[in-house]
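The block underneath contains the structure these notes are about, expressed in structure tokens.
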Amino acid sequence: SMCFGKYSTTVLKSAYGEVDVPDQTLSQFVWSSSSGWKNLPALTCGISGRSYTFGASENLCKVGAQAFLANTGLKPGDRIGLLLPNVPEYMVAVHAALQAGLIVTFANPLYTVPELTRQFQSAKVRCIITIPQLLEAAQTVSKTLANYDCTINIGGSAEPEQRILGLESLLSPSENVKLPEVRPSDIAVLLYSSGTTGIPKGVMLTHRNLVTNIIQLTDRALIDYSDPTDEFQETVLTVLPFFHIYGFNTILNYMTYIGAHLVTIPKFTPQDYIACLENHKPTVLFVVPSLLLLLITHPEVTPQHLSSVKKIFCGAAPMKKGLIDQFFKKIGRNDCTVSQGYGMTETSPSVTITPYTMPYSKSGSCGKLLPSTLARVIDLTDGKDVGMPNKSGELLVKGPQIMKGYLDNPKATSEAIDIDGWLHTGDVVYYDEDEYFYVVDRTKELIKVKGNQVSPTELESLILEMQGVADAAVIGIPDNVAGELPKAYVVKKPGFDSVTPEQVQEFVASKVATYKKLAAGVTFLDAIPRNSAGKILRNELKNLSS
Ligand code: 4UV
């Protein structure tokens, strides 16, 4: 650490030095070494068995990029929306689009039509890639989009008169189409995050942001992989969604880069997950705390099911201190590492990770700063750097993995990234004498349900649309399984005394994806506590609920 400047800023610097980032696009980078293992499997659907080698998936992405430009009206710089579950073709859809110079936004396949409409309108999507099961929703949303070009229906049939193309029109070679030059500084993806406040916003991540974060994670002190061979290849089982930054960059792109075999599951059920453990014998699992808890507690998951697993990565939500101990107790062996990462959509996503050498005494830590990453911890009341270990405050981060900004929202961008380039995370952390970080709380209003983002503002504005509601506030309530669950405080309008908590819950449930439901209930109040500027005093509500 070091001190400088008149405000005595205490800047923590990564212990792992700096990374050199190649001047490549995300697609060039992801397959940069794969010529050595072209015939090994890259992606397999754990349910249907559909499988692609590294050579095949790389080739399909190139063919797909040319076909995009030849068979659709899309031009480089246009945005496309992916509305897909985790299928092996996700890779092809994203990287074909990126190589065609398109910008990709990913939607949760569980989203309702209004949720999809808001995201795809915000991102100005001109094309949706989906599957037959979600085609109707895609078509409904597409009618609300300006300059819409076409829908691509993977695994289904074309309907030219409705501008629906089949997958074959993306896989027919158009060799005379020249691919545009994509620069590493170009925006690659728009992922949606509510940041510290408000409704979800488009997070602009460049090719370089995404490539950098993978390079930052490859430091041997942090993660230890060797190149795949015919004798040994890592097998990664993943259910974490590719539409989230964790699934997209840390799993899909990173694991393809190192030559691992990714086994995907389109829709999580414990039975399918267990079957994939048995059939594919994964060596690596990516989890969120709620999934790790399920593996520990589910009566049908036996130590034998987990016997092939050598590495586990956990992130996206706080991990309770005892969880790793419980896991080792369950598997009955200790030749498996459990790493924890901390990060956000806005940081591509990783900021810290636990190194392999982390002593047991530090369990519960989310690890140390990645290479090329700087951090400060500032006091929650006076905003000054806490300046010493073991004192908590808001984490500020600086590094090459930080987003370009929020799409069409310079105000939110300048609130998130200050003039000196520090991203204000909205997370409360402390670091110990050895600069290991611990996440202890959040100042931002974000709620995390099983690692999924839930924006209280989004739910509040929904509740306000309900007849008889005068005011509303939503907070997260701690939950042993999900981490947190949304709860609403609601003020009724005069004359609407008969409105029940269940009616509010049902109203919300009919309009949002399941994980956003008001599962922790609804309580009626005479007034929502607000400060003089009208801001909801969420801490007062948290005290009411505890
Ligand atoms: O924007 P987001 O939904 O992003 C994430 C990113 C997760 C990952 C995944 C793999 C990694 O290797 C990695 O480093 C990070 O979830 O939500 C960001 C917020 O989630 C909370 C925290 O409040 C972030 O601001 N969060 C994420 N990771 C942790 C966490 C963690 N390890 N412990 C506590 N809270």
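Counting convention: from 1, in listed order, for ligands and their atoms alike. Side chains included, hydrogens not; waters and symmetry mates left out as well; all remaining heavy atoms used. All figures in this text were calculated on a predicted structure; none of them were measured in a lab.
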Q. Hey, which atoms in ligand 1 end up nearer than 4.0 Å to a heavy atom of Q453?
A. 1 (O), 2 (P), 3 (O), 17 (O)
Q. Backbone, side chain, both or neither: what part of R442 comes under 4.0 angstrom of ligand 1, heavy atoms only?
A. side chain
Q.
Taking only non-hydrogen atoms of K444, do any sit less than 4.0 angstrom from ligand 1?
A. yes
Q) Does a sphere of radius 6.0 Å around CG in D20 hold more than 12 heavy atoms from other residues, nucleotides or ligands, not counting ones at 6.0 Å or beyond? A) no
Q | Partner residues of K329 under the salt bridge (Lys or Arg N to Asp or Glu O under 4.0 Å) criterion, sequence neighbours left out | A | none
(Q) I'd like to know if the side chain of Q216 reaches the main chain of P371, judged simply by a donor and an acceptor atom lying under 3.5 Å from each other, with no hydrogens or angles considered. (A) yes
Q | Protein contact to atom 28 (N) of ligand 1 [nearest heavy atom, distance to 0.1 Å] | A | A316 N, 3.2 Å
Q. Is it the side chain, the backbone, both or neither of T345 that has a heavy atom closer than 4.0 Å to ligand 1?
A. both
Q | Identity and distance of the protein heavy atom lying nearest atom 27 (C) of ligand 1 | A | G343 O, 3.3 Å
Q: May I ask you to check whether over 12 heavy atoms, not counting those of K542, lie within 6.0 Å of atom NZ?
A: yes
Q | Nitrogen or oxygen atoms of Y246 and ligand 1 under 3.5 Å apart | A | no
Q. Does atom CZ of F232 have more than 12 heavy-atom neighbours, drawn from other residues, nucleotides or ligands, at distances under 6.0 Å?
A. yes
**Q.** Ionic contact status for K201 with D408, cut-off 4.0 Å
**A.** no
**Q.** Identity and separation of the nearest protein heavy atom to atom 17 (O) of ligand 1
**A.** K448 NZ, 2.7 Å
(Q) Among all the protein's non-hydrogen atoms, which is closest to atom 12 (O) of ligand 1, and how far away is it? (A) S350 OG, 3.0 Å
Q. Does the side chain of N209 pick up a donor-acceptor pair with the side chain of T206 at under 3.5 Å?
A. yes
Q.
Any nitrogen or oxygen of G341 lying under 3.5 Å from a nitrogen or oxygen in ligand 1? Just yes or no.
A. yes
Q. How far apart are the closest heavy atoms of Y246 and A316, and which atoms are they?
A. CD2-CB, 4.1 Å
Q | A317 contact mode with ligand 1 (heavy-atom cut-off under 4.0 Å) | A | backbone
Q.
Can you check which of D427, I251, L191 brings a heavy atom nearest to atom 24 (C) of ligand 1?
A. D427
Q: For P318, counting its heavy atoms only, list the atoms of ligand 1 lying under 4.0 Å from any of them.
A: 33 (N), 34 (C), 35 (N)
Q) Does CG in N334 sit with more than 12 non-hydrogen atoms of other residues, nucleotides or ligands closer than 6.0 Å? A) no
**Q.** Least distance between heavy atoms, L541 atom then Y489 atom
**A.** O-OH, 3.6 Å
Q. Side chain or backbone of M344 under 4.0 Å from ligand 1, or both, or neither, by non-hydrogen atoms?
A. both
Q. Would you say ligand 1 has an N or O under 3.5 Å from any N or O of S193?
A. no
**Q.** Q340: numbered ligand 1 atoms lying under 4.0 Å from its heavy atoms
**A.** 31 (C), 32 (N), 33 (N)
